[in-house]
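Below, chain A is the first sequence line, B the second, and so on; all start at residue 1.
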Protein chains: 2
Amino acid sequence: MNKNQALLWDHPRFRSWIAVARACQLMQTVLTRELADLDIKPPHLDILINLYRFEGISQQELARKLLVGRSNMSMTLPQMEKRGLIERRGDTKDKRVLRLFLTEEGRAVAEEAMAIQTGLIERTLSSTPIEQCHAMAESMEKIILALHAEMVDETEPA
Amino acid sequence: MNKNQALLWDHPRFRSWIAVARACQLMQTVLTRELADLDIKPPHLDILINLYRFEGISQQELARKLLVGRSNMSMTLPQMEKRGLIERRGDTKDKRVLRLFLTEEGRAVAEEAMAIQTGLIERTLSSTPIEQCHAMAESMEKIILALHAEMVDETEPA
DNA sequence: CCAACAATGTTCAATATTGAACAATAAAGT
DNA sequence: ACTTTATTGTTCAATATTGAACATTGTTGG
């Protein structure tokens, strides 16, 4: 059954993607360590970045942006609220939705954490020329579109 | 405090990496769905692939390759053994290590799962030319090296 | 207006992942 | 030989993540 094995490792796109996945996983690991000083983890940073950028976003929208379930937000956000990083205010028009905001401290932590992440990325991508970075990003955008197409395929195969 | 925000989103490498991370996360999500038919998840596939390629590997080595803790393997592998996908045999020379092998069924499941993953990757990367894939992989390898350097930096700052 | 449906957030049980402490075995230093 | 140190795997408690079931609120169609 070496036929299959040969088929697998010969696929250049497969090998390429494995490298991408590996780099992502490593980046996550290292980022986790560097964020430990601020006592937050990558998921928290993702939330902080989104609240920094999209003030007053709802839990639902945030979950969609982060590609996680609503229940995840229901578990995580109250913790961050208790830690004084964020604030949740009920929408006046729609009593179902909770709108999310950074506190003063949350904004400060967000800025420190973003500086750490940016620094890490700058350091580790420094050997990759800017044009290559742009080409990569362009490819990734196409891949993201293709994956979204896959997702609706799965949901509605009719 | 928009200065920091501008600094952040102006960094082209930062934006590029965000796209990479997002694509990876989406790929993981879609792969999880497609593997559901075989009743396995991406972590199991990673294990199967490595046992397929490196027969008789130890738990320690496997954990290192997968970038997870040893305890993770101690929790996951017995499950897969009970499901009849893998087998663990004690090393005769060194009584501490357990060597890992695929069973017949494990090999079959591995091949099906790899076919699914390869298909997904082929489909979603089809719009990216082979040369660009190779260039990407090359960049990722450099990034992986840089990240390994970061990790030892953290561990031994002396 | 009212009934059916949709959207938002919460809860809960199941599963995953991690790091620290531990037991058994091996290797090294004396 | 023997004490110390390192390596391998396990256990356990803490934390994260998910999907399904649910309650509340909003929207739509009669």
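- One interatomic measurement links the two molecules: CZ of A:R89 to C1' of C:dG9, which rounds to 18 Å at whole-angstrom precision.
- Listed candidates were D:dT18, C:dT10, D:dT10. Nearest to the side chain of A:N72 is D:dT18.
- Each of D:dG9, C:dT25, C:dG9 was ranked by its minimum atom distance to the side chain of B:D94; first place goes to C:dT25.
- Phosphate proximity of C:dT10 to A:R88: present, with a side-chain N or O under 4.0 Å from OP1 or OP2.
- In this structure, the CZ atom of A:R64 is 16 Å from the P atom of D:dT18, given to the nearest Å.
- The shortest side-chain heavy-atom distance between A:T76 and A:V68 does not fall under the 4.5 Å cut-off.
- No side-chain heavy atom of A:E81 sits less than 4.5 Å from a side-chain heavy atom of A:L77.
- Between A:D91 and A:K93 there is no salt bridge, since no side-chain N of the basic residue sits under 4.0 Å from a carboxylate O of the acidic one.
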Collect all protein-nucleotide pairs involving nucleotides 1-6 of chain C in which both atoms are nitrogen or oxygen and the distance is under 3.5 Å.
none

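- When rounded to the nearest whole Å, the span between CZ of A:R70 and C1' of C:dC12 equals 15 Å.
- Distances were taken from every side-chain heavy atom of B:S74 (C-beta onward) to each of D:dT11, C:dA16, D:dT8; the shortest belongs to D:dT11.
- At whole-Å resolution of the value, NZ in A:K82 and P in D:dT15 are 13 Å apart.
- Annotation: side chain to side chain donor-acceptor pair (under 3.5 Å) contacts of A:E61 (sequence neighbours excluded): A:S58.
- Counting heavy atoms from C-beta outward, A:E111 and A:R107 have side chains that approach closer than 4.5 Å.
- Between B:R22 and A:M140 there is no side-chain heavy-atom pair separated by less than 4.5 Å.
- Listed nucleotides: C:dT17, C:dT8, C:dA20. Nearest to the side chain of B:S71: C:dA20.
- Taking only side-chain atoms of A:M75, from C-beta outward, the nucleotide of C:dA13, D:dC12, C:dG9 with the closest atom is C:dA13.
- In this structure, A:V68 and A:T92 both approach DNA chain D, and ranking their closest nucleotides by distance from the 5' end singles out A:V68.
- Whole-Å rounding puts the B:D91 CG to C:dA26 C1' distance at 12 Å.
- Between D:dT10, C:dG9, C:dT17, one nucleotide has an atom nearer to the side chain of A:Q60 than all others, and that is C:dG9.
- Between A:D37 and A:E112 there is no side-chain heavy-atom pair separated by less than 4.5 Å.
- Closest contact between the side chain of B:Q59 and the listed nucleotides D:dG26, D:dG9, C:dG9 involves D:dG9.
- When the P atom of C:dT11 is taken as reference, atom CE of A:M73 falls 15 Å away, rounded to whole Å.
- For A:G69 and B:R99, each mapped to the nucleotide of DNA chain D holding its nearest heavy atom, the one lying further toward the 5' end belongs to B:R99.
- Summarising the geometry of B:S139 relative to A:M136, their closest heavy-atom pair is CB-SD, 4.2 Å, with the distance given to 0.1 Å.
- Between B:K95 atom NZ and C:dA27 atom C1' there is a gap of 15 Å when expressed in whole angstrom units.
- Taking atom CG of residue A:D46 and atom P of nucleotide D:dA16, one finds them 14 Å apart after rounding to whole Å.
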